[in-house]
Amino acid sequence: MTAQQGAWQTACVRLVDYGRRHPAARRFAISPFVARPGYWLASVVGFVWAAAMSRGRIHRRRGVLVATGCPRWSFGRGGTTIGAVYLTRDATSDGVLDHEAVHRRQWRTYGLAFIPLYFAAGLDAHSNRFEIEAGLERGGYR
């Protein structure tokens, strides 16, 4: 982990801790009134990024907009879901897409709060609750 990643993760942990200490702030941040527009915004950003990066057709599969042929530097690990859009080079098995569909639901539930929540949960997929919920094996984690 780089120093910048460590600083980002520390900031996310602090933000999540703030939410734990202030339940009203947490309820507000993940209320559908706030989370749903955040999900839509993330989906638009994800779609714009996918349109710029994808060398393949963007299509809907298993509840996710899939953008294939993206350069490896444009996403994390084997692929990244941003809102409703999954960016990858070629990781499109049914299991992986089922895993990414869970991440899409997480984005829909938490909106933009998903970003600090995800990073605060840790970058090790085996202990990150969002990756565990999505299914480590389906997501290609060993």
Under the 3.5 angstrom rule, does the side chain of [X] hit a backbone N or O of [Y] as a donor-acceptor pair?
X      : Y      : result
Ser74  : Cys70  : no
Arg27  : Ile30  : no
Ser54  : Thr68  : yes
His126 : Arg142 : yes

Decide yes or no for [X] and [Y]: does some side-chain heavy atom of the first lie under 4.5 Å from some side-chain heavy atom of the second?
X      : Y      : answer
His59  : Leu65  : no
Glu133 : Val102 : yes
Thr92  : Thr88  : yes
Met53  : Phe75  : no
Thr80  : His103 : no

**Request:** For Arg77, look at atom CZ and say whether over 12 heavy atoms of other residues, nucleotides or ligands are found less than 6.0 Å away.
**Result:**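 Count over threshold, so yes.
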If you measure from [atom1] on [X] to [atom2] on [Y], what distance do you get to the nearest 0.5 Å?
X      : Y      : atom1 : atom2 : result
Asn128 : Tyr141 : CG    : OH    : 8.0 Å
Gln9   : Leu123 : CD    : CG    : 4.5 Å
Leu117 : Arg26  : CG    : CZ    : 10.0 Å
Ser127 : Ile132 : OG    : CD1   : 6.5 Å
Arg108 : Trp40  : CZ    : CH2   : 8.0 Å
Leu41  : Trp107 : CG    : CH2   : 9.0 Å

Establish, from distance only, whether the side-chain atoms of [X] and [Y] form a donor-acceptor pair under 3.5 Å.
X      : Y      : value
Tyr118 : Gln106 : no
Arg104 : Tyr86  : no
His99  : Glu137 : no

Which atom pair, heavy atoms only, marks the closest approach of [X] to [Y]?
X      : Y      : result
Ala84  : Tyr39  : CB-OH, 3.4 Å
Arg129 : Ala121 : N-CB, 4.2 Å
Val85  : Ala50  : CG1-CB, 3.8 Å
Ala91  : Gly78  : CB-O, 3.8 Å
Ala125 : Leu136 : O-CD2, 3.3 Å
Ala67  : Ile58  : CB-CG1, 4.0 Å

**Request:** Determine, for Glu100 against Arg138, whether the closest basic-nitrogen to carboxylate-oxygen distance falls under 4.0 angstrom.
**Result:**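 Here Glu100 does not pair with Arg138 in a salt bridge, since their nearest N and O are not under 4.0 Å apart.
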**Request:** Run the salt-bridge test on Asp17 and Arg20 with the 4.0 Å N-O cut-off and return the result as yes or no.
**Result:**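 The answer is yes: the pair qualifies as a salt bridge.
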**Item:** Within one Ile-Leu-Val-Met-Phe-Trp-Tyr cluster: Leu112 and Val45, side-chain cutoff 4.5 Å
**Value:**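 Both belong to a single hydrophobic cluster.
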**Request:** Assess the pair Phe114 and Phe130: is the distance between their ring centroids shorter than 6.0 Å?
**Result:**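 Between Phe130 and Phe114, which both carry aromatic rings, the centre distance is below 6.0 Å.
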